[in-house]
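What's counted below: heavy atoms across the whole structure, side chains too, no hydrogens, waters or symmetry copies. In what follows, chains are A, B, ... by sequence order, proteins preceding strands, each numbered from 1.
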Number of protein chains: 2
Amino acid sequence: MSTPHYHHLQQYFSDLITSQQLVSGSKLPSEREIGEQFKFTRVTIRQALKNLEAEGLIYRQNRRGWFVSPAAVIYHPASHLSFNLYVTEQGFSPSTEKLAQQIEPANERIAQLMNIPVGNPVLYLHRRRYIDQRPVLIEKMYINQNLLPGIEEEDLTESLSQILKRKYQQEYRDMDLSFKSTSLPAHAANDLGIAAGQPGLQIERINYTSAKQVLEVDYEFWRHDAVTINIAIRD
Amino acid sequence: MSTPHYHHLQQYFSDLITSQQLVSGSKLPSEREIGEQFKFTRVTIRQALKNLEAEGLIYRQNRRGWFVSPAAVIYHPASHLSFNLYVTEQGFSPSTEKLAQQIEPANERIAQLMNIPVGNPVLYLHRRRYIDQRPVLIEKMYINQNLLPGIEEEDLTESLSQILKRKYQQEYRDMDLSFKSTSLPAHAANDLGIAAGQPGLQIERINYTSAKQVLEVDYEFWRHDAVTINIAIRD
DNA sequence: TAGTGGTCTAGACCACGAA
DNA sequence: TCGTGGTCTAGACCACTAG
C-alpha cells in the first residue's frame, strides 16, 4: 500500500477544483455516487473528502452534501475596517444576522477587563455573519454599556464601528488579539450548521477606547477555510 | 441516536485530561484496548480520538500511540522575542535542528520581495523546532544574503535574531504576518512525523530591516495544538 | 516478533433536508 | 417520501515502531 486509495481521490478532486472544472460553491457528487464510480467504500471516500475539507478546498453543510469552498477572505484587523467593508472590497457579499441580544451580568473575565464589579450589567450580542450566503462566522460580544449609553436601542445587525462613529464619535483604536486554531465548540458549530468537531479558528479581541478603557470584548468562531489573517507590525 | 457513542468517549477522556488524571505527555491506552473496555469498534474509538485531536487535547505520533498534548505556547510576534526565549520564559524547553541549508536561486515571490533578479542566490534554511522534545514547528526560510554577507558560516541552529544582533548589529523591526488555519502540506507533516492531512497553522512572515529592506522571508508550519498567537495593536 | 496505528471492505440503520 | 450525510458493526491486512 504505497499510496493509499484516498490519496488518489483527493488528488482527483483537488485537480478538478484548482483547474476550475469544479467552481466555488458547486456541489460534489454524493458519497455513494463517488463510491460507485471509483469502486471504493464510503469509508475511503469520506477519508478523502475530510482531507480536502482540512485543506480548505471543500466543505459540507449539514446533510445537504459537499461543496467547493469559496476563496478565503483576508481579514486585516489592524486596518480597523468593518466586516461589511473588507468583505465587500474583496468582491464578496456580506450579511449579518442577530441571533440574540440581552443585558447580562458580567462574568469574572469581562468584569476584570472592563474594570467593573462582577455581575454588573453588560450588553451581550450574538451574531452570525455570512459571506455570499454562506455562514462563516459566529460572534459573541460583550459591550461596555457604561461607555455607550443607549446602544441597545440601535440596529445591532449594523456595523458596530459605524454606530460608534455616528452616535458616540468613537473609533476603534487599540486592540488585543488572540488566535487559536482548534475545533469549533458545539454551540458555534451548531450555529454554523456544521457537524461538531470541525476545525476552526477562534479569536478573542479586546477593543479599547483612546482612553484605554475596554469598549468591547469579542469572541469570534470562524470556519477555518473562510479566512486568512494579515497583520503588519510597525514599531 | 440522540448523542452518538463517540461523544461519550470524548467526554470521558476530555474529563480525564482536564482533571489532570491524565497528564501532559502521557500515553492513552491503545485503540483496541479502549474498544474492549467500552465495547465499541475501532471506527467509533477513532472518531472520538480524532475529535479530541482537533480540540488540541491529544495528538498522535506515527504508529506509537496517542498522547496527551502539552499546553500551547503563546507566540507574541510583535515582541520580537526569539523562539528560544519565549518558549523558555513560559517554562518549556526549546530545541532546534537544522534539516537543510543551501544557496538557492530566488523564485519569483522571493525575488520580488527582496528586490533582486529572479534566480539570484538566496540562503535557504530548513529547520525543525521542538518544545519539550516534541517536534512542533517546521520552518523554511529564505535569507537575503546581500544584507548579511557571510551568514552561511554561522551556526544556523542558533537563534537568528541573536546572530543578527551579534554579527550585523541588526534587529528585527517591521514585519508582515499572514496566518491561515489549514492542513499541513505533506512535506511538513512528514518532517513532523505525523500523518498527512492533520490540521495545522501556516504562517508567512516577512522581516524588514529598519531601512525597509526584506531581510528574510519565513514560512512556518505549526502543529495546530502547539501554539496560540497574541498580538497587541497600538496605533 | 508483537503491538500499534493506518487503511479498507461490505454492509446497516438513523436523522435531517428538500421536494 | 427519498436522498443525503452521520454513525456504527465486525471484521481484515498493511506498515511501522519498539523491544
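- Residues forming a side-chain hydrogen bond (donor to acceptor under 3.5 Å, both in side chains) with His8(B) (at least two apart in sequence, or on another chain): Thr3(B).
- Across the protein-nucleic acid pair, His5(B) atom NE2 and dC13(C) atom P stand 16 Å apart, rounded to whole Å.
- Contact annotation: Tyr6(A) side-chain N/O to dC8(C) OP1/OP2 distance is not under 4.0 Å.
- Spacing between atom CD1 of Ile45(A) and atom C1' of dG5(D) amounts to 13 Å, rounded to whole angstrom units.
- For Tyr124(B), the ring-ring contact (aromatic ring centres under 6.0 Å, His included) partners are Tyr142(B), not counting sequence neighbours.
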Report all side-chain donor-acceptor pairs from residues 179-189 of chain B shorter than 3.5 Å, counting only partners two or more places apart or in another chain.
from, atom 1, to, atom 2, distance (Å)
Lys180(B), NZ, His224(A), O, 3.2
Lys180(B), NZ, Val227(A), O, 3.3
Ser181(B), OG, Ser181(A), OG, 3.3
Thr182(B), OG1, Glu55(A), O, 3.2
His187(B), ND1, Lys140(B), NZ, 3.3

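- At its two ends the helix from dT1(C)-dA18(D) to dA18(C)-dT1(D) runs along axes set 10° apart, each axis drawn from five pairs and the angle rounded to 10°.
- Atom-to-atom distance recorded for Gln61(B):CD and Trp66(B):CH2 is 11.5 Å, nearest 0.5 angstrom.
- Residue contacts shown for Ser30(A) are limited to sugar-phosphate atoms, with no base heavy atom under 4.0 Å away.
- Counting to the nearest Å, the C1' atom of dG3(C) and the CG atom of Leu28(B) are 16 Å from each other.
- One interatomic measurement links the two molecules: CG of Leu49(B) to P of dC8(D), which rounds to 13 Å at whole-angstrom precision.
- Between the CD atom of Gln47(B) and the P atom of dG6(C) there is a distance of 14 Å, given to the nearest Å.
- Contact annotation: side chain of Arg32(B) to base of dG5(C), donor-acceptor pair present below 3.5 Å.
- Residues Arg205(B) and Glu216(B) are in side-chain contact: their nearest non-hydrogen atoms beyond the backbone lie under 4.5 Å apart.
- Atom CZ of Arg46(B) and atom P of dG5(C) are 8 Å apart (whole Å).
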Would you give me the side-chain donor-acceptor pairs under 3.5 Å for residues 17-25 of chain B, sequence neighbours excluded?
from, atom 1, to, atom 2, distance (Å)
Thr18(B), OG1, Ser14(B), O, 3.0
Thr18(B), OG1, Asp15(B), O, 3.4
Ser19(B), OG, Asp15(B), O, 2.8
Ser19(B), OG, Leu16(B), O, 3.3
Ser19(B), OG, Gln21(B), NE2, 3.0

Indicate every side-chain donor-acceptor pair of residues 32-39 of chain A with a distance under 3.5 Å to a residue at least two apart or in another chain.
from, atom 1, to, atom 2, distance (Å)
Glu33(A), OE1, Ser30(A), N, 3.4
Lys39(A), NZ, Glu36(A), O, 3.4

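- Comparing atom distances between the Val43(A) side chain and each of dG5(D), dT7(D), dT9(C) picks out dT9(C) as nearest.
- Residues that satisfy the ring-ring contact (aromatic ring centres under 6.0 Å, His included) test with Tyr219(A), not counting sequence neighbours, are absent from this structure.
- One interatomic measurement links the two molecules: NE2 of His8(A) to P of dT7(C), which rounds to 12 Å at whole-angstrom precision.
- The side chain of Thr44(A) contributes an N or O atom lying less than 4.0 Å from OP1 or OP2 of dT9(C).
- Atom CZ of Arg42(A) and atom C1' of dG11(C) are 11 Å apart (whole Å).
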Can you give me the N/O atom pairs linking the protein to nucleotides 17-19 of chain D at distances under 3.5 Å, or say none if there are none?
from, atom 1, to, atom 2, distance (Å)
dT17(D), OP1, Asn62(B), ND2, 3.1
dA18(D), OP1, Arg64(B), NE, 3.4

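- Shown here are the ring-ring contact (aromatic ring centres under 6.0 Å, His included) partners of Tyr86(A), two or more places apart in sequence or in another chain: Tyr75(A), Phe83(A).
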